[in-house]
Amino acid sequence: MAVGSVRILGTGQLLELQRKLRAAGHENIRSSMQRRIRRAAEPLRNDLQDTMRGLSIQSAGRGSGRRGGTSPTTRPLRETIASAIRISVRTSGSPGARVWVDKGLLPRDLKSMPQTINTGRIRHPVYGNRRRWATQTTTPLWWDKTVRRHTARMESEVARVVDDVRRRLE
């Protein structure tokens, strides 16, 4: 599973319900369904953000030579990535909830960082010096493990929403 997008779909059921809702003109039921599906995805988004904020990144230590220096950036890495995790809910086309990393909110040099961190190994130049590189490690598959913990709960909640809406339409 790649970092960046998680989809919870009940595509056939949701498409069928959307057609019925549009035909019946029940806008309030449709907006209620969207809101409930979003609520089902919020704990996953919050847990992904908390996991990213608390992710431990270790260094192998320093070698010989000059040490220290100021960081070339002032932004906090984990907070920047955590704040780019979003939810979107679609009820047409390919309906469902999607939790994803909005790369448009990340600085240009961090666009691939969520995937890199998910591998468990971060290799980068030392203080921007491209002749000297450092490797740092972190918990591999942080995104995948967090998503796996929430998948069953989200799928059952979406199924419950679909059943409730179907009952209200009948």
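Keep in mind it's a predicted model, so treat the numbers as computed, not measured. Values below: all heavy atoms of this structure, side chains included; hydrogens, waters and symmetry mates excluded. Along the sequence shown, residues are numbered consecutively beginning with 1.
- Atom-to-atom distance recorded for L110:CG and L105:CG is 12.0 Å, nearest 0.5 angstrom.
- Here the side chain of K111 pairs a donor or acceptor atom with the backbone of L106 at under 3.5 angstrom.
- Rounding to the nearest 0.5 Å places OG1 of T139 at 9.5 Å from CD1 of I57.
- Rounding to the nearest 0.5 Å places CE of M52 at 9.5 Å from CE of M113.
- Atom CE of M154 sits about 10.0 Å away from atom CD1 of I37, to the nearest 0.5 Å.
- Pairing each heavy atom of S32 with each of R168, the nearest pair is OG-NH1, 4.2 Å.
- Side-chain atoms of W142 and L48, non-hydrogen and from C-beta on, do get closer than 4.5 Å to each other.
- Considering only heavy atoms from C-beta on, R149 comes within 4.5 Å of T51 through its side chain.
- For Q49, the side-chain contact (heavy atoms from CB on, under 4.5 Å) partners two or more places apart in sequence, or in a different chain, are R45, N46, R53, A82, I85.
- Residues that satisfy the side-chain contact (heavy atoms from CB on, under 4.5 Å) test with T135, not counting sequence neighbours, are R121, R123.
- Among residues two or more places apart in sequence or in another chain, the salt bridge (charged side-chain N to carboxylate O under 4.0 Å, His left out) test is passed with D164 by R36, R167.
- Between the side chains of Q136 and T138, no donor-acceptor pair of N or O atoms lies under 3.5 Å.
- For the atom pair W100 CH2 and I87 CD1, the distance stands at 11.0 Å (nearest 0.5 Å).
- Contact of the P125 side chain with the N129 side chain is not registered, since no non-hydrogen atoms from C-beta on lie closer than 4.5 Å.
- L141 CG to N118 CG: the interatomic distance, rounded to the nearest 0.5 Å, is 5.5 Å.
- Between R153 and A40, the shortest heavy-atom distance links the atoms NH1-O, 3.0 Å.
- Under the 4.0 Å criterion applied to side-chain N and carboxylate O atoms, R38 and E42 are not assigned as salt-bridge partners.
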